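Here the structure is laid out as structure tokens; the discussion comes afterwards.
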Amino acid sequence: AVSSGKGGVGKSTISSNLAVALAKLGYKVGLLDADIHGPSIPKMFGVEDAHPEIIEVEGRHTIIPIEKYGIKLLSIGFFVEPENALVWRGPVASNALKQLITDTDWGELDYFVMDLPPGTGDIHLTLVQTINITGAIIVTTPQEVALADARKGISMYLGDKVNVPVLGLVENMAWFTPAELPQNKYFIFGKEGGKRLADELNIPLLGQIPLVQSIRECGDAGRPIAYDENSIISIAFKEFAAKVVERVEYRNNNLKATKKVEIIK
């Protein structure tokens, strides 16, 4: 689960590039856009006009995910008009998310990356009640207001009621580097706030991703920058993905399997 307590910190950018980087490393990857009210993945993969096929398998309607860049993709954005707002109450949004997970033929996957909405609400609870989550990656910027919300997100996952391991934290927009001055770093949102938070809470810092124009351009163009073989930033995302693989292996070797959260009535 790629998560944060705050919007606008770049979860979809991190999720997209993590999925692409994992696929580049040779893994079978699925990417679920779990942000029901603000889906971004169709735009970031250039598949806004895609419509997943729905087939009948053993009497059940089954969704076939869209495939792009070697990744299986699914988003509520494939089923609604992009210009229309989804005005759904919590239970409706939660049921839609359950369908995207359980009524889809994901096939055999090594990694299932979930791009979550901001906060700690209905969607997050639905997720931990629906599947056994291996771990969460927390995204933050170095800004103090983002770090405060990141703490809440970490607290939610590590709490007794949810009990999902936090694989680590990634600091996005860590510094700004202009293309014409590639050696310069400008700490627009503060310096190393994510690193300090990771040290404070004793969780791994998985990466520091700079604020670079090409990341935004590639996302807007529907081709995540991690797909580019020759980009310095794509190398940074591959290193980030390799650390995620390492943390997942460590987690699986040293911690018990995550249990789904039980609904007590």
Side-chain angles (χ1 to χ4, degrees), residues 1-4 7-35 38-50 52 65-78 82 100 104 106-107 109-118 136-141 167-179 182 194 206-248:
V2 179
S3 186
S4 79
V9 297
K11 289 182 301 300
S12 295
T13 294
I14 296 297
S15 300
S16 300
N17 284 286
L18 172 60
V20 169
L22 287 170
K24 283 280 188 180
L25 291 173
Y27 296 104
K28 297 174 183 176
V29 182
L31 175 58
L32 173 66
D33 188 349
D35 193 343
S40 303
I41 296 303
K43 174 68 175 177
M44 302 193 83
F45 280 82
V47 287
E48 295 154 287
D49 296 328
I66 301 298
E67 294 198 32
K68 189 76 178 282
Y69 305 132
I71 299 165
K72 292 181 179 180
L73 307 167
L74 199 58
S75 168
I76 197 68
F78 293 142
L100 294 180
T104 299
W106 289 102
L109 298 176
D110 298 309
Y111 288 92
F112 185 47
V113 180
M114 294 165 285
D115 177 22
L116 269 60
I137 295 168
I138 305 299
V139 183
T140 187
T141 65
L167 301 174
L169 182 144
V170 56
E171 183 181 278
N172 195 27
M173 309 181 207
W175 58 79
F176 170 63
T177 297
L206 299 173
Q208 291 174 295
I209 307 299
L211 179 62
V212 178
Q213 184 174 335
S214 56
I215 297 177
R216 192 273 305 164
E217 291 174 339
C218 289
D220 286 350
R223 183 185 172 94
I225 198 167
Y227 196 75
D228 185 351
E229 292 287 350
N230 302 314
S231 165
I232 294 175
I233 299 299
S234 74
I235 294 171
F237 274 115
K238 286 178 185 175
E239 290 173 351
F240 163 53
K243 285 186 179 179
V244 171
V245 171
E246 180 184 310
R247 290 303 304 168
V248 168

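On a predicted model such as this, the values are computed, not experimentally measured, just so you know. Position 1 is the first residue of the sequence, and the numbers go up from there.
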Practice task
Evaluate side-chain contact (heavy atoms from CB on, under 4.5 Å) for D110 paired with V29, printing each intermediate quantity in order.
Solution key: CA-CA 6 Å; D110 298 309; V29 182; over 6 Å; no

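- When side chains are defined from C-beta on, L73 does not count as touching P65, because their heavy atoms never get closer than 4.5 Å.
- Here the closest non-hydrogen pair linking L31 and F45 is CD2-CE1, 3.5 Å.
- Listed for the E171 side chain is a donor-acceptor partner under 3.5 Å among the backbone atoms of G194.
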Exercise for the section: Decide side-chain contact (heavy atoms from CB on, under 4.5 Å) for L206 and V244; before the verdict, give the C-alpha distance in whole Å, the side-chain angles of both, and the deciding distance to 0.1 Å. Expected result: CA-CA 7 Å; L206 299 173; V244 171; 4.1 Å; yes

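- Side chains of D115 and S12: a donor-acceptor N/O pair is present below 3.5 angstrom, by distance only.
- Contact detail for L74 and P52: the closest heavy-atom pair is CD1-CG, 3.9 Å.
- Between the side chain of D228 and the backbone N or O of S234 there is no donor-acceptor pair closer than 3.5 Å.
- Rounding to the nearest 0.5 Å places CZ of R216 at 11.0 Å from OG1 of T13.
- Nearest approach of P224 to M44, heavy atoms of both residues: CD-O, 3.4 Å.
- Remark: E217 CD is packed, more than 12 non-hydrogen atoms of other residues, nucleotides or ligands lying under 6.0 Å away.
- If you run side chain to side chain contact (heavy atoms under 4.5 Å, CB included) between N172 and each of I14, I215, T140, L211, only I14 comes through.
- Ring orientation note: the planes of Y111 and Y27 are nearly perpendicular, at an angle over 60° on the 30°/60° scale.
- Of all the heavy atoms in P117 and A34, the pair that sits closest is CD-O, 3.4 Å.
- Not a single donor-acceptor pair under 3.5 Å links the side chain of D35 to the backbone N or O of L116.
- Between M173 and G8, the closest heavy-atom pair is CE-O, 3.5 Å.
- Taking the side chain as every heavy atom from C-beta outward, L32 and V113 never approach each other to under 4.5 Å.
- With D33 as reference, S75 is the one residue of S75, S15, S16 to meet the side chain to side chain donor-acceptor pair (under 3.5 Å) rule.
- Remark: Q213 CD to I225 CD1 distance equals 10.5 Å, nearest 0.5 Å.
- Two residues are said to be in side-chain contact when any heavy atoms from C-beta on lie closer than 4.5 Å; P42 and F78 meet this criterion.
- Each of V20, L18, I209 was compared with F237 under the side chain to side chain contact (heavy atoms under 4.5 Å, CB included) criterion, and only I209 meets it.
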Practice task
Before giving the answer on side-chain contact (heavy atoms from CB on, under 4.5 Å), spell out for R223 and Y69 the whole-Å C-alpha distance, their side-chain angles and the decisive distance to 0.1 Å.
Solution key: CA-CA 9 Å; R223 183 185 172 94; Y69 305 132; 3.4 Å; yes

Practice task
Could you walk me through whether I138 and V170 pass side-chain contact (heavy atoms from CB on, under 4.5 Å), step by step?
Solution key: CA-CA 6 Å; I138 305 299; V170 56; over 6 Å; no

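- The line from CG of L109 to CG of L22 is 11.5 Å long, rounded to the nearest 0.5 Å.
- Side chains of S3 and V139 form no contact here, defined as non-hydrogen atoms less than 4.5 Å apart.
- Both the sub-6.0 Å distance and the 45° axial angle are satisfied by K24 relative to the ring of Y227.
- Closest non-hydrogen pair, V9 versus S4, comes out as CG2-OG, 3.6 Å.
- Residue-environment remark: CD1 (I232) stays at or below the threshold of 12 foreign heavy atoms within 6.0 Å.
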